[in-house]
Amino acid sequence: MDEYSIPVPVKPPAEIESLYLPVPPWLEEKSKEGDELVLFVGPQHGGSGHMRLIVRVHGDVIREVIPDPGFVHRGVEKLAENKLYIQNIPLVERPAIMDCINMSLGYVRAIEKALDIEVPERAKYIRTMLAEVCRIGTHLYDAGILSVFLGHTTGFMWPFALRELTCEILMRVSGARITASYVVPGGVRRDVDRGTLNFISDAMTYIQQKSKDFEKVFIRNPVTIARMKDVGVLSRKEAIKYGVVGPFLRASGVEYDVRAVEPYDAYDELTWDVIVADDGDSYSRFLVRVNEIQQSIGIVRQCVKALKDMPEGKIAVDTKGKMLDSVKGTFFRTFGRLTLPAGEFTTLTEASRGTLLYTIVSDGKSNAPYRLRVVTPGWYYLKGFMESLKGCRLADLQAVYGSFGYFPPEADR
Amino acid sequence: MLSYLLEMFRQNSVGIPLITRKVVLYHTANKIAYIPPLTSLFAKIPILNLIVALIFWKPFFAVLFAPGLVCILIAILFIIWFERKVTARVQWRYGPLEVSRNVGGIIQPMADGMRYFFQEVIVHREAHKPYFLQFPLITFLPVLLPILVIPAGTIYAINTPYSILVAIALISLIPMIIVAIGWASNSKYAYVGSLREAMMYFSYEIVLMIAAMSMVIIYGSANAIEIVKEQSTIPGILLNPFAALAFFVAIAMATSRFPFEIPEADQEVVFGPFIEYTGIIFGVVMTLAYEKLYLLCMLFSILFLGGWNGPFIPPLGDLSPALWLFLKTIGLMMIFVFFRTFYARYRLDQALKIGWSKLMALAMVALITGLGLGAVNVMGWL
Amino acid sequence: MVNKRIKRIKPPSPDFVESVKYHLEAFGVALKEAIKPSRMTIQYPRELRKRPKGFRGMLVLDVNKCISCFQCTFVCPANAIHMKKAPNGKYYPCVDYAKCIFCHYCEETCTKGAWKSTNFMDVAFSRVEEMLLTTEKLINGPEVPEEEREDEYMVEYEIRGSKLELKKEYSPEKLVEVED
Ligand code: SF4
Ligand code: SF4
């Protein structure tokens with residue numbers, strides 16, 4: 001058979017061979033000595049997402065996994081440096097679009113912190129409500145991915161179908177299904193009317209009811225339990241040591257939730273539980289998030305109730321403290337020329353997958369950030385994820401991956 | 001010579017009244033109008049009559065039509081469609097629909113087959129080329145050979161007292177070929193996949209054999225025809241439910257149905273042994289599991305569900321028992337593919353553990369039951 | 001930990017009887033759905049999702065209202081808006097749909113309300129160059145020729161009690177509707 005060569009005028013950079021790309025040369029030798037197989041899982045693998053995992057397997061047992069992230073790195077931090085503060089909102093939600101409200105919420109709160117803006121009550125509740133809707137959506141998304149990683153296709157389709165309702169909610173509230181760009185410094189962009197609020201509580205009822213079926217078919221399915229129990233265990237100590245965040249930290253028995261420790265928006269006015277599990281294995285990581293969906297539904301219900309009792313209007317406040325009923329027509333005038341005082345402003349947010357950190361460094365003069373630091377939860381727990389894989393079986397790679405809900409675009413930013 | 005052959009074929013030909021008898025259209029006082037039998041159309045033409053006779057010659061008919069190749073193809077086309085459709089239904093989707101909207105997209109598998117035909121077949125540089133291309137075609141051997149000894153009522157090729165044993169032995173060849181395919185692909189994932197296939201083979205094969213054996217002991221014969229005759233009153237599944245359960249789970253393992261879809265796990269090893277295949281060869285290897293499922297389901301219905309026992313349909317003649325067998329087989333296959341909708345897959349070591357602990361214990365119980373019932377049967381109390 | 005309750009969860013560890021029960025439950029749920037599925041799929045080209053009021057779709061420009069203030073160009077996060085000089089000497093916006101991210105900052109920016117949203121966002125063009133909609137095209141808004149329309153129904157999700165219903169209506173005469 002003829003081999004075709006495509007004349008490409010560029011040569012691959014010399015570093016690809018001289019450095020360690022994609023694997024260091026000693027790795028192959030070392031693995032041969034250790035009677036190991038080096039498997040490249042990804043980036044075009046059904047169970048890897050947009051990243052490469054270099055797996056050293058001995059027999060069927062994983063000795064080490066070396067992550068090779070960065071395939072979907074988009075340079076959010078650098079891009080943010082030459083955009084107006086307000087223009088960065090659609091940008092910072094790009095890393096995890098299913099979690100858009102939480103992603104932009106952290107950034108917007110950093111700006112509010114710098115400008116010392118107190119958000120109107122109604123906007124607070126709307127933000128909290130939508131953040132929890134996004135949390136439900138993201139947890140459902142991850143549950144779906146986990147199921148399909150275990151080969152359970154029904155468990156994949158149902159959460160994705162239910163997530164459609166969260167998209168519908170976002171669409172009715174903000175006008176866009178996923179990239180809402182809804183939160184602005186000082187409030188939100190639009191008001192929510194009563195019809196939409198009714199739809200939201202109906203949708204919550206539906207999700208709650210259908211998740212009972214999902215529980216029967218996937219969560220409590222003995223095969224699922226067998227696949228995930230005692231797999232990829234991170235003890236409490238390890239989880240803290242490797243800097244795991246969010247639900248995965250709580251699954252290892254650490255009672256830490258940014259929403260409870262440093263409550264923002266309306267979280268301290270609502271009642272909800274911090275879900276904690278003790279085992280630290282894949283199954284409890286999954287269960288914690290399943291239970292968080294129930295808690296989120298509760299929060300959304302409370303928010304809907306509070307919003308119904310509140311008078312409509314007053315959903316944003318500008319830098320001078322003037323209340324706005326709508327940002328329409330005044331968007332650029334209000335937010336376009338925001339200039340932050342010089343300094344560093346950091347916020348922590350509990351995004352769906354864990355702690356999300358934004359730091360804005362401002363020079364006090366320009367209307368774009370001097371530096372924006374984004375550390376997404378995925379990047380925090382990548383180390384813990386890799387460590388928990390040691391000693392698992394090869395087939396567990398996907399079970400652990402799915403239980404962490406690792407989302408490469410989010411981690412790579 | 002030719003006439004001798006013709007005679008031989010005709011002596012042992014499949015009788016289907018629908019096409020070998022005259023069909024009377026109407027019958028008045030002095031007139032009879034009828035359509036001449038289809039077969040007699042060719043009876044006088046020299047070569048054609050031989051071919052027609054050959055087609056209806058029982059051994060040939062068995063391998064090529066029922067329960068052989070044609071039935072396998074129909075079963076595969078139907079079951080692939082059914083699998084996708086029922087999974088879609090459970091998953092709140094529609095499933096294949098667009099190819100033929102008014103019949104629920106039933107020709108979708110055929111359309112897929114066509115697509116495979118026109119796809120490029122890529123043989124990668126590292127493959128052992130001759131074997132890589134050969135093995136998928138060789139798989140038809142262990143699939144079609146068991147048909148020789150599995151009868152469908154009166155249609156059979158070889159009537160031997162060892163038919164069940166020979167069939168199981170021949171079916172057991174399929175994993176060998178899958179492992180060989182994995183070797184010929186010469187890729188890491190194919191290697192892991194074929195290792196998994198081999199491991200799975202260890203975990204189910206003995207259980208499968210013991211379960212079949214316990215039924216053979218009960219009936220006192222390994223001849224499928226005898227076995228089915230024994231079941232005319234009580235089907236085997238009631239006599240020895242343990243054996244049926246063990247055999248059932250072993251089939252799921254053998255044909256990599258959920259929850260034991262381990263060698264091909266597409267999220268883990270990306271179709272394992274078949275990872276490097278493209279085009280029509282991929283189509284051929286992907287149907288392998290379904291062919292195996294067909295064969296084993298046929299064995300299950302012969303051993304436990306009374307095989308071709310069922311009300312006789314006169315116009316079909318010899319085809320009637322074959323039809324019953326086919327229907328039972330398809331029904332079983334439908335149950336097996338339904339598992340896809342609500343199961344994840346086990347891990348390899350868990351499947352091995354199940355195979356050698358719970359399933360083996362079950363098979364042992366089945367064997368003891370079989371021995372007991374066999375003794376009863378010998379005494380003639382059954 | 002301020003005033004939040006901690007809820008510790010215990011993962012189930014089913015014994016033999018329970019796991020048989022769980023197997024059967026999973027089977028039962030699947031069977032129930034196979035017999036009577038609660039479908040929510042929409043057959044896309046034939047059925048379209050009904051867009052709610054305030055949907056952020058493709059844009060329509062009302063030139064008479066535009067005062068060429070350039071604010072929408074400044075605010076566009078994706079640099080999708082270009083200003084082109086019109087015969088009357090004023091500058092009017094054009095939108096490059098290869099870049100637009102449908103954030104509708106432009107719409108909310110315009111002090112004069114020159115931008116309007118439509119309920120349509122199937123951004124499909126046959127060539128990249130066509131994706132840059134000039135002012136003339138923006139005035140008319142997106143158009144779907146009658147012979148290319150495949151849609152028959154508009155579907156809306158409606159939740160009644162514990163049931164999700166797909167409310168179907170016949171497609172309207174005009175597919176693209178401008179919001180006010
Ligand atoms: S919708 Fe957003 S991206 Fe598109 S043109 Fe308007 S401002 Fe620019
Ligand atoms: S903001 Fe409105 S008035 Fe100003 S240029 Fe844009 S469309 Fe015209």
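Quick note on labels: first sequence line is chain A, next is B, and so on, each numbered from 1. Hydrogens, waters and symmetry mates play no part in the numbers below; they use all other heavy atoms, side chains included. The model shown is predicted, which means the values in this text are computed figures rather than measured ones.
Counting heavy-atom pairs closer than 4.5 Å to chain A, the top-ranked of the candidates C:M121, C:K10, C:E107, C:K112 is C:E107. Interface remark: of the candidates C:C76, C:G113, C:C106, C:C76 forms the most heavy-atom pairs closer than 4.5 Å to chain A. Each of A:T154, A:L287, A:L91 has some count of heavy-atom pairs under 4.5 Å with chain C, and the biggest count is that of A:L287. Annotation: maximal heavy-atom pairing with chain C below 4.5 Å, among A:K83, A:K210, A:E168, A:Q295, occurs at A:E168.
Within 6.0 Å of the CZ atom in C:R8, the count of heavy atoms belonging to other residues, nucleotides or ligands exceeds 12. By the 6.0 Å contact criterion, CZ on C:R149 is enclosed, its count of non-hydrogen atoms from other residues, nucleotides or ligands being greater than 12.
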message = A:I89 vs C:Y105, test: side chain to side chain contact (heavy atoms under 4.5 Å, CB included). Steps then yes/no.
response = CA-CA 11 Å; A:I89 294 173; C:Y105 278 9; 3.5 Å; yes
query = side chain to side chain contact (heavy atoms under 4.5 Å, CB included) between C:Y22 and A:V223: does it pass, once the steps are laid out?
reply = CA-CA 10 Å; C:Y22 289 167; A:V223 183; over 6 Å; no
Evaluation steps, side chain to side chain contact (heavy atoms under 4.5 Å, CB included), between C:I9 and A:I275 = CA-CA 7 Å; C:I9 49 165; A:I275 306 288; 3.9 Å; yes
key: Test side chain to side chain contact (heavy atoms under 4.5 Å, CB included) applied to C:Y157 and A:E164, step by step   = CA-CA 10 Å; C:Y157 284 161; A:E164 186 60 35; 3.6 Å; yes
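No donor-acceptor pair under 3.5 Å is formed between the side chain of C:R51 and the backbone N or O of A:M171. A donor-acceptor pair is defined here as one N or O able to donate and one able to accept, closer than 3.5 Å; such a pair exists between the side chain of A:Q87 and the backbone of C:V75. A side-chain donor-acceptor contact under 3.5 Å links C:R56 to the backbone of A:S174.
Using a 4.5 Å heavy-atom cutoff, the side chains of A:W272 and C:R5 are not in contact. Considering only heavy atoms from C-beta on, A:R94 comes within 4.5 Å of C:I101 through its side chain.
Rounding to the nearest 0.5 Å gives a distance of 9.0 Å between NZ of C:K163 and OH of A:Y206.
Of the atoms belonging to A:V173, not a single heavy atom falls under 4.5 Å from chain C. Proximity to chain C (any heavy atom under 4.5 Å) is shown, for A:D202, by both the backbone and the side chain. Using a 4.5 Å cut-off between heavy atoms, A:R190 contacts chain C through its side chain alone, with no backbone atom that close. Residue C:R49 touches chain A through its side chain alone, counting heavy-atom pairs closer than 4.5 Å. Both the backbone and the side chain of C:F74 come within contact range of chain A, each with at least one heavy atom under 4.5 Å from a heavy atom of that chain. Heavy atoms closer than 4.5 Å to chain C are found nowhere in A:A251, neither backbone nor side chain. Residue contact with chain C, scored on non-hydrogen atoms closer than 4.5 Å, involves the backbone and the side chain of A:I86 alike. For chain C, the nearby part of A:D279 is the side chain; its heavy atoms alone come within less than 4.5 Å.
Contacts with chain A (heavy atom to heavy atom, under 4.5 Å) involve these residues of residues 60-73 of chain C, listed by number: C:Q71. Proximity to chain A at a heavy-atom threshold of 4.5 Å picks out C:K32, C:E33, C:S38, C:M40 from residues 32-48 of chain C, in numerical order.
At a threshold of 4.0 Å, the pair A:R172-C:E156 counts as salt-bridged, since one of the basic side-chain nitrogens sits closer than that to a carboxylate oxygen. Looking at A:E255 and C:K7, no side-chain N of the basic residue comes within less than 4.0 Å of a carboxylate O on the acidic one, giving no salt bridge.
Here A:Y85 pairs with nothing under the side-chain hydrogen bond (donor to acceptor under 3.5 Å, both in side chains) rule; sequence neighbours left out. Judged as a side-chain hydrogen bond (donor to acceptor under 3.5 Å, both in side chains), and not counting sequence neighbours, the contacts of A:T153 are B:Q91.
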